[in-house]
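Quantities reported herein were computed from a predicted structural model and do not represent experimental measurements.
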Amino acid sequence: MSLLRQLDYSVLQQCIHCGMCLPTCPTYDATKHETSSPRGRIALMRAVADGRLAADSKQFADEMYFCLGCLACETACPAGVNYAQMIEYARAEVEAGGVKSSWQRNLIRVFALKWLFAKLWRLRVMARLLRIEEAAGFADAILPLLPQRLRELQAQRPKICEKFTFDLVEETELPKNMPRFRVGLLVGCVQDVAFADVNRDTVDVLLANGCEVFTPRSQSCCGSLLGHNGELEMARRLARQNLDVFPLKDLDAIIVNSAGCGSFMKRYTELLPDEPRAKDWDDKVYDIHEWLVKIGIKAPSGSPQPTKRRVTYHEACHLVHGQKISQQPRQLLRAIPGLELVELTESTWCCGSAGIYNITQPEMSQTLLDRKMKHILATGVSIIATGNPGCIGQIRYGAQQLGMSLEIVHPVTLLARAYRGVL
């Protein structure tokens with residue numbers, strides 16, 4: 001039975017074809033093709049669910065993966081279309097049909113999605129091997145001999161941290177004074193091995209704001225990378241593992257500092273409709289900016305710098321569109337003495353990272369990155385803040401292409417520095 005037919009049909013009927021989503025969709029803006037718009041893709045999904053279009057149609061498969069999954073259409077939609085759920089089921093449909101199957105693609109999916117991310121210890125072992133390779137400089141030595149696309153992928157590869165999260169963060173850490181709250185922390189996948197310092201900064205900020213922080217060692221990937229790429233059953237398994245590991249009754253919140261993870265984790269009730277703990281889980285998942293504003297951000301002590309450093313804010317898609325979090329990161333940045341926030345034109349427009357989109361759709365990804373970098377350079381700032389590891393890596397790549405010396409950081413890192421007095 002078609003996976004889209006298993007989806008509540010009312011979800012597919014939500015779209016009223018008004019066209020409000022069209023100006024907000026990056027792929028429609030670039031192509032002006034109706035099938036490359038949200039309503040065009042929903043029409044294809046309904047055709048598959050109705051049996052009017054084969055699930056293994058190449059057009060259907062190509063369009064579902066040409067979509068960035070940025071969810072800007074959800075923000076624009078007056079009818080409340082649940083596009084996130086639809087695109088996940090549609091991609092699962094594509095994978096079940098096998099129309100995009102090839103030995104290279106199957107190898108990547110089996111190795112990366114189904115094996116590497118299934119157990120975080122495997123990812124850490126692989127990351128340590130990459131760290132050794134980085135130190136040896138083997139890839140850099142052969143870089144001139146590689147095809148252009150492989151050179152681009154090498155340049156986009158995130159730098160592996162010397163220490164991972166569990167090397168930097170104790171399982172339980174207590175604030176100096178009596179805790180106001182007890183929270184759990186998700187360490188993430190790429191976040192754990194390439195941005196472990198952001199996890200350390202997150203813990204320091206939570207401690208400074210009176211939170212006891214519990215970081216369970218047996219936690220797993222949240223499932224977002226798999227869910228967004230059609231591997232719903234594997235995503236469900238990982239979600240259940242996290243439900244088992246985080247003691248929901250003993251926690252006031254589960255804190256996430258990665259936009260893509262947070263957006264997916266707030267929808268475990270959709271992923272696991274028969275799981276009684278999922279609703280409590282969804283209610284307790286908070287993005288770090290969202291949580292700090294909710295409990296009240298402690299103002300950093302010390303005098304502002306004589307000359308303020310100028311920062312702009314790029315809104316990660318799954319933060320602004322997936323979680324409707326936009327003003328909280330700005331509130332955090334404005335609370336930091338010595339920073340001047342400069343607004344970014346098209347701050348909510350996708351940078352082209354979109355999970356693994358910059359790998360699978362390099363041309364469209366580069367087009368979006370060029371557009372984003374043009375607006376960033378127009379601000380004249382030296383610091384770009386954004387709340388998602390993929391966006392940080394993508395914008396760093398854009399700065400590297402332009403030969404620009406820009407600092408791209410998570411907003412919580414700037415707040416942690418302010419608490420330490422080293423902004």
Side-chain angles (χ1 to χ4, degrees), residues 159 161-183 185 187-188 191-192 194-215 253 255-258 286-314 325 327-344 376 379-389 391-392 395-396 399 405-423:
K159 185 176 176 61
C161 294
E162 290 185 18
K163 295 182 178 180
F164 302 155
T165 304
F166 294 162
D167 301 318
L168 301 175
V169 175
E170 299 294 330
E171 187 163 30
T172 298
E173 297 203 17
L174 296 169
K176 292 181 179 178
N177 301 316
M178 182 68 69
R180 300 161 57 203
F181 306 97
R182 185 171 190 253
V183 302
L185 176 69
V187 302
Q191 189 85 337
D192 176 37
F195 299 95
D197 56 320
V198 177
N199 285 336
R200 180 65 255 178
D201 292 337
T202 301
V203 172
D204 287 344
V205 165
L206 289 167
L207 294 173
N209 284 272
C211 297
E212 174 186 340
V213 184
F214 174 59
T215 310
I255 304 301
V256 190
N257 55 24
S258 168
Y286 284 86
D287 174 77
I288 181 63
H289 311 93
E290 178 186 28
W291 175 251
L292 290 172
V293 169
K294 177 182 172 65
I295 67 174
I297 302 173
K298 176 187 174 183
S301 59
S303 302
Q305 300 290 330
T307 302
K308 287 191 172 184
R309 299 188 68 188
R310 302 172 79 239
V311 60
T312 196
Y313 175 63
H314 160 67
I325 294 172
Q327 290 308 309
Q328 295 94 323
R330 290 177 169 84
Q331 288 176 256
L332 184 155
L333 292 169
R334 291 191 179 106
I336 301 174
L339 281 187
E340 176 190 352
L341 179 61
V342 179
E343 286 296 336
L344 177 65
I376 287 174
T379 65
V381 303
S382 60
I383 307 172
I384 299 93
T386 186
N388 191 62
C391 299
I392 292 175
I395 297 172
R396 281 180 181 171
S405 179
L406 299 173
E407 185 178 15
I408 300 93
V409 295
H410 197 292
V412 79
T413 292
L414 296 173
L415 183 57
R417 290 178 187 173
Y419 287 145
R420 298 173 193 137
V422 293
L423 184 63

Visitor: With a sphere of 6.0 Å drawn around CD of Glu162, does it hold more than 12 non-hydrogen atoms of other residues, nucleotides or ligands?
Guide: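 Count not over threshold, so no.
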Visitor: Shortest non-hydrogen contact from Gln328 to His289?
Guide: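 What the structure gives for the nearest pair is CB-O, 3.8 Å.
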Visitor: When you compare the side chain of Ile376 with that of His314, does any pair of heavy atoms fall below 4.5 Å?
Guide: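 Result no, sub-4.5 Å side-chain heavy-atom pair not found.
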Visitor: Measure the spacing between OG1 of Thr386 and CD1 of Ile392 and express it to the nearest 0.5 Å.
Guide: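 Thr386 atom OG1 to Ile392 atom CD1 measures 6.5 Å (nearest 0.5 Å).
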Visitor: Cation over ring, Arg330 on Tyr313, under 6.0 Å and within 45°?
Guide: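 No, Arg330 does not lie over the aromatic ring of Tyr313.
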Visitor: Indicate the atoms forming the closest heavy-atom contact of Asp192 with Phe166, along with that distance.
Guide: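 Closest approach of Asp192 to Phe166, heavy atoms only: OD1-N, 4.4 Å.
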Visitor: Looking at side-chain heavy atoms only, is the closest gap between Ile384 and Thr312 below 4.5 Å?
Guide: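 Yes, their side chains come closer than 4.5 Å.
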Visitor: With sequence neighbours left out, what residues match Asn209 under side chain to side chain donor-acceptor pair (under 3.5 Å)?
Guide: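 Only Tyr419 meet the side chain to side chain donor-acceptor pair (under 3.5 Å) criterion with Asn209.
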Visitor: How far apart are the closest heavy atoms of Pro175 and Leu207, and which atoms are they?
Guide: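 Heavy-atom minimum between the residues: CB-O, 3.4 Å.
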Visitor: Which heavy atom in Leu292 sits nearest to a heavy atom in Val205, and how many Å separate them?
Guide: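 Answer, listing the atom of Leu292 first, then Val205: CD1-CG1, 3.6 Å.
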Visitor: To the nearest 0.5 Å, what is the distance between CD on Gln191 and OG1 on Thr202?
Guide: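 Output value for this atom pair is 7.0 Å.
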Visitor: Could you list the residues that satisfy salt bridge (charged side-chain N to carboxylate O under 4.0 Å, His left out) with Arg310, not counting sequence neighbours?
Guide: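 So Arg310 forms a salt bridge (charged side-chain N to carboxylate O under 4.0 Å, His left out) with Glu340.
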Visitor: Please give me the minimum heavy-atom distance between Thr165 and Ala196, naming the atom from each residue.
Guide: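 Result for this residue pair: N-CB, 3.6 Å.
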